[in-house]
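First up is the structure itself, then whatever we jot down about it.
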Amino acid sequence: MVREPYTRYLGKAITDTTMKVKSVLTENFWFEIIQPLGDNDPWAQWLKDHGTSICSVCLLSNGLLEEDERKMALEGYRSLFKQEKGYEAYEYFDTAKDLGTLLEMKEIYGRNT
């Protein structure tokens, strides 16, 4: 499947998600510290609403991101941010009231585990 790259925040196409990112990667997990430099993305909004804290937890999907999106919508969780990169896609869902963080679902193409 060929997918065109895009970025959407609150359902609208955006291009300005500037940030500084520091990643710690191991075989079993990764941890990212994100400093938003703009104000038009979920990280900047989280910082405004919650201060410095854990913004999201990421789960790797073993299926299509669109199916995860459908299931999350059925459970009442709205999509906040979605990015298609051409080699992976990820989406943030508003789960803060139940989980204390946002939930990020990530689909890495070709990953079937």
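All of these numbers come straight from a predicted model, not from anything done at the bench.
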Looking at Pro42 and Phe81, what are the two nearest heavy atoms and their distance? CD-CD1, 3.4 Å
With a sphere of 6.0 Å drawn around CD1 of Ile54, does it hold more than 12 non-hydrogen atoms of other residues, nucleotides or ligands? no
From CA spacing to verdict: side-chain contact (heavy atoms from CB on, under 4.5 Å), Glu66, Glu107: CA-CA 9 Å; Glu66 291 81 5; Glu107 177 189 355; 4.2 Å; yes
Working to the nearest 0.5 Å, report the span between OG1 of Thr18 and CG of Leu37. 5.0 Å
Nearest 0.5 Å please: distance from the CG atom of Asn40 over to the CD1 atom of Ile14. 4.5 Å
Quick check: closest heavy atoms across Trp46 and Gly100, and the distance to 0.1 Å? CH2-O, 3.5 Å
Enumerate donor-acceptor pairs with a distance under 3.5 Å from any side-chain N or O in residues 22-36 to protein atoms, sequence neighbours excluded.
| unit_1 | atom_1 | unit_2 | atom_2 | d |
| --- | --- | --- | --- | --- |
| Thr26 | OG1 | Asn28 | N | 3.2 |
| Thr26 | OG1 | Phe29 | N | 3.1 |
| Thr26 | OG1 | Phe29 | O | 3.2 |

So, do Lys85 and Pro5 sit near enough that their side-chain heavy atoms are less than 4.5 Å apart? no
Name all residues meeting the side-chain contact (heavy atoms from CB on, under 4.5 Å) criterion together with Lys48; count only those two or more places apart in sequence or in a different chain, and write none if there are none. Asp39, Gln45
With Phe93 as reference, evaluate Lys82, Arg78, Met105, Glu75 under the side chain to side chain contact (heavy atoms under 4.5 Å, CB included) test and give the passing residue. Met105
Can you tell me how far CG of Asp68 sits from NZ of Lys106, rounded to the nearest 0.5 angstrom? 13.0 Å
Gln83 side, atom CD; Leu65 side, atom CG - distance, nearest 0.5 Å: 11.5 Å
I'd like to check Leu102 versus Leu80 (side-chain heavy atoms, cut-off strictly below 4.5 Å). Are they in contact? yes
Do Leu103 and Leu59 have side chains that approach each other closer than 4.5 Å (heavy atoms only, starting at C-beta)? yes
Per the side chain to side chain donor-acceptor pair (under 3.5 Å) rule, what does the pair list look like for residues 91-105, sequence neighbours excluded? Trp43-Tyr92, Tyr77-Asp98, Ser79-Glu91, Tyr92-Glu104
What's the separation between atom CG in Leu47 and atom SG in Cys55, rounded to the nearest 0.5 Å? 9.0 Å
Give the cluster check for Tyr90 versus Val21: same hydrophobic cluster or not, with ILVMFWY residues linked at side-chain heavy-atom distances below 4.5 Å. yes
